[in-house]
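Below is one structure, written out as structure tokens, with a few remarks after it.
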Number of protein chains: 2
Amino acid sequence: MLADLRSEIESGTVPVGSRLPSESALAARYGVSRSVVREALRSCAALGLTETHTGKGTFVVSGRVSGDLVLGRYSARDLTEARPHIEIPAAGLAAVRRSEEDLATLRGIVADMALEDDPAAWVALDATFHCHIARTSGNKVFESVVTDLREALAHQSETLNLIADRQHASDLEHQKILAAIEAGSAELASAAMAEHLEAVGRALGSLGSSPPEG
Amino acid sequence: MLADLRSEIESGTVPVGSRLPSESALAARYGVSRSVVREALRSCAALGLTETHTGKGTFVVSGRVSGDLVLGRYSARDLTEARPHIEIPAAGLAAVRRSEEDLATLRGIVADMALEDDPAAWVALDATFHCHIARTSGNKVFESVVTDLREALAHQSETLNLIADRQHASDLEHQKILAAIEAGSAELASAAMAEHLEAVGRALGSLGSSPPEG
DNA sequence: GGTGTCGTGCTGTCTGACAGGTTCACGCGA
DNA sequence: TCGCGTGAACCTGTCAGACAGCACGACACC
């Protein structure tokens, strides 16, 4: 039943943020006792999929298993320092390995970002853009690491604010990255991503070695 | 009590491979009921720290939480392709940020490797060496990713065999890396690591895009 | 010596119960 | 009518006790 519950969450059948049925209800649905349900929920919680609050219920907090990058606490410096080394080669590979479907998705994201006014929504799209490039690289290691990095970053509101501040500049840089990937040039794509991350890094520079906020 | 149990496992107080006390015993030790113990053990199992077998007990299978890099399945190509992008900059940072203690540890590992005859033991030391360089980089992202990559690699016996085949060549390259880190030169350390990984990559080249063995 | 059986210990699951936190609606008073 | 307090309903957290199934070792028997 753990597998069933987990697949329901990971497949998105149960949307992120929603409340799961109560333990008793789940027990009745699956025909098991509450103990079994509780242990399954504990597993999901350990994997970072759910959180349960006394008296309120258990809530889906993520659609995917969090890597230890997220579980651990990373300083903004660590994240900023590591990103280029992974995202730049990922962009290069993406330019070589992209499919038409990938290109369509990336174009859609970039178009949406240009129209987005809400900073929080824009930052979310920004994360989607970078994650999809990593996925387009065809290397699952890059995909996992970038997704984890981005998720870890999502816990640092200070950093997110600074990212949102340069929305228009980033939009232009994203378009440049996309164009390079469309052109199929690993060199240009890497360079464009490097330029983008460098600019972001400068904007985040004021953070210095400040600790994460948890 | 989960935190207590988990820290006991992660700190190595309970060695990997050993059997934990029975659920009843743990319940008595912590002064809680068996339900609580079972849920804590479920969490540990979900994190990949323990495995429990009906009728036998629960056993410690890992001293650290496995990232999703390990949980997922990665091809040898993905791993080989991603390693340089993370380990080379990590080596560079390690050269700049290493402490005397780090140097002593690394020297010890390299010395042990030179004397090691058993291929399996040597490969384990090799993993320790690379992981400790990542740790020495002072960047927890690099540390996590390298450790995860190495753990993922540990599931691919074919790759491990090829790594073990060039034991003597690797020993020399490791010494060169260590010397560069001792000298405090990020440039030399990166170059030495690049050279090493390139050589390993060539040796693994025959793998091509063969799937992981699971 | 080899083999089969029994007892012990452990996990897996169920039942029923109670304490404490959370939320919401109802009713009372201003 | 509006504001507020109270209480019921629901939820999770934890406990105690019980039984079935599996694994393993000891012991008796052949």
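Just so we're on the same page: letters track the sequence lines, and every chain starts at 1.
At a non-hydrogen distance threshold of 4.0 Å, A/T54, A/G55, A/K56 from residues 51-61 of chain A come into contact with DNA chain C. Against DNA chain C, the stretch residues 32-43 of chain A makes heavy-atom approaches under 4.0 Å through A/V32, A/S33, A/R34, A/S35, A/V36.
Of the two residues near DNA chain C, B/P21 and A/G31, the one whose nearest nucleotide lies more 5' is B/P21.
Between A/D148 and A/R64 there is a salt bridge, since at least one side-chain N of the basic residue sits less than 4.0 Å from a carboxylate O of the acidic one. Salt-bridge formation is not detected for the pair B/R135/B/D102: no Lys NZ or Arg NE/NH1/NH2 atom is positioned less than 4.0 Å from an Asp or Glu carboxylate oxygen. The pair A/R29-A/E8 counts as a salt bridge, with a side-chain nitrogen and a carboxylate oxygen less than 4.0 angstrom apart.
To the nearest angstrom, C1' of D/dT12 lies 11 Å from CZ of A/R19.
The ring-ring contact (aromatic ring centres under 6.0 Å, His included) pairs that include a residue from residues 13-48 of chain A number zero, where partners must be two or more places apart or lie in different chains.
Within the 4.5 Å cutoff, no side-chain heavy atoms of B/V14 are placed close to those of B/L5. B/R107 is not listed as a side-chain neighbour of B/V110, based on a closest heavy-atom distance of 4.5 Å or more.
Nucleotides of DNA chain C with any atom under 4.0 Å from a heavy atom of chain B span, from 5' to 3', C/dG9 to C/dT13.
A/E23 is linked by a salt bridge (charged side-chain N to carboxylate O under 4.0 Å, His left out) to A/R34, A/R38, counting only residues two or more places apart in sequence or in another chain. Take B/E10 and apply the salt bridge (charged side-chain N to carboxylate O under 4.0 Å, His left out) test, not counting sequence neighbours, and it matches B/R6.
A donor-acceptor pair under 3.5 Å is formed between the side chain of B/N139 and the backbone N or O of A/D78.
Taking OG1 of B/T52 as the start and CG of B/L20 as the end, the distance is 10.5 Å to the nearest 0.5 Å.
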